[in-house]
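Data first, discussion second: the structure below is written as C-alpha cells.
By convention in this document, chain letters (A, B, ...) are assigned in the order of the sequence lines, proteins followed by strands, and residues within each chain are numbered from 1. Hydrogens, waters and symmetry mates play no part in the numbers below; they use all other heavy atoms, side chains included.
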Protein chains: 2
Amino acid sequence: MKTRNIHSDLALAILGLLSLRPASGYDLRKVFLTTAMKAFSASPGAIYPALRRLERDGLIEGAVERKHTLRPRMIFKLSGKGKAALVASLTKPVTREDVIRRLDGLLLRFSFMSGLLGEAETLVFLAVLAAETQGYLKVLEEEYRRSAPGMPFSGRAALEQGVETYRVTARWAGKTLKELKKDLSSKGASK
Amino acid sequence: MKTRNIHSDLALAILGLLSLRPASGYDLRKVFLTTAMKAFSASPGAIYPALRRLERDGLIEGAVERKHTLRPRMIFKLSGKGKAALVASLTKPVTREDVIRRLDGLLLRFSFMSGLLGEAETLVFLAVLAAETQGYLKVLEEEYRRSAPGMPFSGRAALEQGVETYRVTARWAGKTLKELKKDLSSKGASK
DNA sequence: TGCAGCATGTAACCTGTTACATGATTAG
DNA sequence: CTAATCATGTAACAGGTTACATGCTGCA
C-alpha cells in the first residue's frame with residue numbers, strides 16, 4: 001500500500017492533532033489561535049482547503065454532526081491510511097538540510113511522537129537531530145570566528161542570534177535525549 | 001512616489017545583498033549556499049524568477065557584463081527605487097505576529113540595517129523586538145506552566161524547546177539593545 | 001577527452017495569503 | 001435587538017519546490 005506523503009507543515013499539524021482526537025476545522029483553528037501552535041496559519045483559507053485535500057487523499061474522514069439541526073459541523077477523524085502516512089512522515093530520516101531550513105517542521109514531528117512511535121524510534125530521531133544540530137552549530141561558530149571581525153554591527157549581531165539559537169537547540173536535544181534514555185533503561189531494569 | 005512593497009524573505013535578502021554590492025544571480029546563489037544565509041532557498045527556480053520580478057518592478061537594474069565574450073553574465077544593482085523599498089521594508093513596524101510567525105524575517109531585516117538606517121531607527125526596531133519577544137516568552141511560559149503536567153513526553157519537550165528559544169532571543173535582543181545604546185551615548189559624549 | 005564548475009533558465013505542481021462572503025446562534 | 005462568536009467556505013494572486021534543460025570554460 002502506497003502511503004501518500006504529506007507536503008506541508010500545516011497538513012502534518014492537522015494530522016497530528018487529529019491523531020489525538022477528532023475535530024472540526026473550527027476546532028483546529030482554535031488550537032492554532034490559542035496554543036503554542038500559533039506559529040501555524042489559522043486562516044480559513046489555509047485550513048479548509050487543506051482538510052479537503054487530506055480527505056480527498058483518504059487520510060482523514062469527515063462526518064456531519066448535528067445533521068438535523070441548522071448548524072451542522074464536519075467532524076474529521078484520522079483514517080488508517082492517514083495514521084500510516086503520519087507515522088511514515090514522523091520516521092523519515094533527519095538531514096542537515098532539515099535542521100538548517102526546516103527546524104520547525106522537525107520540532108513539529110517530534111511533538112507528536114509520544115503517542116505514535118515507540119521510544120526506540122523517538123530516540124533515534126533525537127540522536128540524529130542532536131548530532132546534526134551540534135554539527136551545524138560548529139559550522140556557524142566557525143563562520144562567526146572568520147567573518148565577525150569584518151562585519152557591520154547589525155550583521156554580526158544577527159549572526160550571533162543564529163549561533164545562540166542553535167546552541168540552545170543542540171543543548172536541548174542532548175538533554176532530552178538523555179532523559180529519554182534514562183526512561184528506557186529504568187523500564188528495561190524493572191522488566 | 002509609491003514604493004512597491006517586498007513580499008518574500010527571499011526578495012528582501014536579495015535586495016539586502018545587492019545593497020552591499022552588485023551581483024549576478026549566480027553570485028547570490030553562492031552566498032545562499034556558503035554562508036549563514038543557507039536558511040534561504042538557493043534553487044535557481046526561486047532566485048531567477050525573483051530577480052526578474054524585482055527588475056520588472058524597477059527595484060533592481062541588470063546590466064550584461066562581458067557582452068562580447070561567449071559567456072555573458074547579468075550583473076544586478078539596486079536602483080534608487082529599490083533602495084527606497086528596502087528602507088521602507090526595514091522600517092515597517094514590528095508586531096507580535098511577526099515575532100511569532102516570522103522571526104526569521106525580522107532577523108533578516110535587522111541584519112541589513114547597519115548600512116541603511118540610522119542608529120536611532122535601529123534602536124527603535126530592537127527595542128520593540130525585545131519587548132515583543134519578552135512578552136511572547138511570558139505567554140509561552142504561562143502556557144507551559146498550565147499545560148506541561150498533562151502533556152505527553154515529546155509534546156512537553158517540544159514546548160520546552162520553544163520556550164528556551166524565545167528565552168535566548170529575548171536575552172539577545174536586550175543585550176544587543178544595550179550595546180547599541182552604549183555606542184550611541186559614547187558618540188554623543190565625544191561630539 | 002571528460003568532468004567539475006560557471007551561468008542561466010523553464011514548467012508543472014502545490015500551498016499559503018488576503019480579502020471577501022454567508023448565515024446561525026447565544027449572551028447581554 | 002445586536003454584537004460576538006460559531007462555522008464554513010471561495011477566488012485571485014504570489015511564491016517556492018522539484019525536476020529538467022542548455023551550453024560554455026578551465027583543468028587534468
Protein-nucleotide distance ([X], atom [atom1]; [N], atom [atom2]), rounded to Å:
X        : N      : atom1 : atom2 : value
B:Arg52  : D:dG16 : CZ    : P     : 14 Å
B:Met74  : C:dA7  : CE    : P     : 14 Å
B:Arg56  : C:dG9  : CZ    : C1'   : 17 Å
A:Ile6   : C:dC14 : CD1   : P     : 15 Å
A:Arg102 : C:dT15 : CZ    : C1'   : 15 Å
A:Leu10  : C:dT15 : CG    : P     : 10 Å
A:Phe32  : C:dG16 : CZ    : C1'   : 13 Å
A:Ile47  : C:dC14 : CD1   : C1'   : 18 Å

Strictly below 4.0 Å: does [X] bring a side-chain N or O up to OP1 or OP2 of [N]?
X       : N      : value
A:Ser43 : C:dT18 : no
A:Tyr26 : D:dC6  : yes
B:Arg29 : C:dT8  : no
B:Ser41 : D:dT17 : yes
B:Tyr48 : C:dT8  : yes
A:Ser8  : C:dG16 : yes

When you measure from the side chain of B:Arg53, which nucleotide among C:dT10, D:dT18, D:dG15 comes out closest?
->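 It is D:dG15.
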Proximity to the side chain of B:His7 - top-ranked nucleotide from D:dA14, C:dT18, C:dC14 |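 Selected nucleotide: D:dA14.
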Identify whether [X] and [Y] are in the same connected component of the hydrophobic contact network (ILVMFWY, side-chain heavy atoms under 4.5 Å).
X        : Y        : result
B:Ile47  : B:Ile75  : no
B:Tyr166 : B:Val139 : yes
B:Leu20  : B:Leu78  : yes

Contact nearer the 5' end of DNA chain C, comparing A:Ala42 with B:Pro44 =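 The residue whose closest nucleotide sits nearer the 5' end is B:Pro44.
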Closest-nucleotide 5' rank along DNA chain C - winner of B:Phe76 and B:Arg101 | B:Phe76
For the residue pair A:Thr169 and B:Gln161, confirm or rule out a side-chain donor-acceptor distance under 3.5 Å.
-> yes
Salt bridge (charged side-chain N to carboxylate O under 4.0 Å, His left out) partners of A:Glu143, counting only residues at least two apart =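 Residues passing salt bridge (charged side-chain N to carboxylate O under 4.0 Å, His left out) with A:Glu143: none at all.
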Please work out if A:Gly45 contacts a base, only the sugar-phosphate, or nothing of the nucleic acid, heavy-atom cut-off 4.0 Å.
-> base
